[in-house]
There are 2 protein chains.
Amino acid sequence: MPSFVETQADLFGAPAAIPAQRLAARLAGTLIADGDSFATRAVPGLTVTLEGVPGDRHAGHSRPADSRVPWYPRGTPIRNARQISLVAPDELAEIARRLGVSEVRPEWIGANLVIEGVPHLTALPPGTRLHFPGGAALAVEGENAPCRHAGAAVAAATGESAAELGFPKLAGGLRGLVAWVERAGELVAGSDIEVRVPPQRLWTR
Amino acid sequence: MPSFVETQADLFGAPAAIPAQRLAARLAGTLIADGDSFATRAVPGLTVTLEGVPGDRHAGHSRPADSRVPWYPRGTPIRNARQISLVAPDELAEIARRLGVSEVRPEWIGANLVIEGVPHLTALPPGTRLHFPGGAALAVEGENAPCRHAGAAVAAATGESAAELGFPKLAGGLRGLVAWVERAGELVAGSDIEVRVPPQRLWTR
């Protein structure tokens with residue numbers, strides 16, 4: 001039986017696996033969605049528990065299934081792996097450029113954390129961990145696919161009505177990540193953080 | 001700003017992304033760890049909740065940090081993404097061959113689910129979902145790194161004492177996966193299941 005790595009090298013003719021990686025980054029901003037909408041507002045820091053950010057609309061061990069998981073009946077309780085939304089300033093700037101608007105602010109699209117210093121933040125693989133000073137840690141669930149609701153928020157904030165439909169089309173791969181809390185603690189704006197990317201390989205049958 | 005995909009193609013000279021994949025598979029066996037050790041015993045099926053398998057030693061929204069996550073103080077509550085252990089018969093047979101033992105049974109090493117029909121089961125990427133008849137679903141946390149405890153169990157069952165240390169050395173990439181419950185329901189031995197692999201790409205800075 002050939003090993004997986006040998007098989008993959010045959011199929012792709014390329015390095016089959018990338019070892020685990022660590023990089024230093026910065027938590028530039030912390031925000032909470034504690035109002036009537038999914039919009040967030042900047043706060044000096046966030047306390048996170050294993051249920052997410054207490055008082056934030058996305059907190060909880062479970063969440064009701066929604067249009068992002070149409071294979072589950074709407075409203076069915078599913079485990080909440082989308083507790084926290086992460087964005088990167090360079091990616092938001094690129095979205096703004098594509099939409100032809102002056103900026104896309106994290107709070108408009110409901111971001112909880114602004115992460116600086118990670119190239120291609122949105123492309124970090126599921127399972128990546130973010131470690132914060134004091135011990136809190138998040139696990140990346142995956143890309144936060146851009147939706148029309150966020151587009152509508154950008155349209156309202158900028159007056160550029162085309163952004164509502166443009167956002168889901170143009171912000172793919174740039175809108176950031178969703179994550180869940182692995183270890184509780186404090187997330188303080190301005191902190192240095194560490195990103196730990198797991199080993200990667202490409203699976204195919 | 002070049003897109004992520006363009007960048008990756010430059011770096012690797014290979015397909016940068018693999019689209020989402022689905023494949024049919026089979027739940028060949030269901031087992032529970034409801035005794036004094038981490039060993040499991042075969043049962044006709046398992047009811048799973050968002051906490052895992054009720055009555056199984058690995059159930060819970062949280063678990064105490066252990067030697068697998070030495071960067072957290074031992075015993076600290078962390079979110080439990082290791083509720084359920086999955087193995088594949090072809091991979092267990094390869095482990096047995098490498099160890100020079102006649103077989104490695106799922107119950108010896110604490111497996112909950114025996115999955116047939118997925119090539120390289122252990123290499124499925126984090127975020128892969130397994131969908132079961134009736135609606136239950138699991139999410140793959142990642143590879144279950146082989147440890148000495150499982151090796152000791154194989155050694156005890158086979159009388160091959162070298163298996164205790166051989167297992168962690170030789171079973172890497174073959175010992176299966178750990179997963180958490182995304183949607184509650186019933187897992188019935190003998191069922192056809194569907195495996196949904198997310199889009200894959202390799203991240204590098």
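In what follows, every heavy atom counts, from backbone to side chain, and hydrogens, waters and symmetry copies are set aside. Numbered from 1 within each chain, the chains take letters A, B, ... in sequence-line order.
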Checklist entry - Measuring heavy-atom distances to chain B, does A:A65 have an atom under 4.5 Å in its side chain, in its backbone, in both, or in neither? => result neither

Next on the checklist: Whether B:R183 engages the ring of A:W71 as a cation-pi pair (distance to the six-membered ring centre under 6.0 angstrom, angle to the ring normal within 45°) should be assessed.
Outcome noted: no

Checklist entry - Do B:R201 and A:H120 come within less than 4.5 Å of each other through their side chains, counting heavy atoms only? => result no

Next on the checklist: If the threshold is 4.0 Å, N to carboxylate O, is there a salt bridge linking A:E141 and B:R129?
Outcome noted: yes

Item to check | Atom group of A:E51 that falls short of 4.5 Å from chain B, counting heavy atoms | outcome: neither

Checklist entry - For the atom pair CG (A:L121) and CH2 (B:W203), what is the distance rounded to the nearest 0.5 Å? => result 9.0 Å

Checklist entry - Is the number of heavy atoms from other residues, nucleotides or ligands within 6.0 Å of CZ (B:R148) greater than 12? => result no

Item to check | Spacing of CG belonging to B:L50 relative to NE2 belonging to A:H61, to within rounding of 0.5 Å | outcome: 10.0 Å

Item to check | Interchain contact, A:V118 with chain B, by part (heavy-atom threshold 4.5 Å) | outcome: side chain

Item to check | Options B:P126, B:A139, B:P198, ranked by heavy-atom pairs under 4.5 Å with chain A, top entry | outcome: B:P126

Checklist entry - Nearest heavy-atom pair of B:Y72 and A:A137: which atoms, and what distance? => result OH-CB, 3.1 Å

Item to check | Residue part contacting chain B, namely of A:V181, when any heavy atom lies under 4.5 Å | outcome: backbone

Next on the checklist: Please check this pair: side chain of B:R79 against backbone of A:A184, looking for a donor-acceptor N/O pair closer than 3.5 Å.
Outcome noted: no

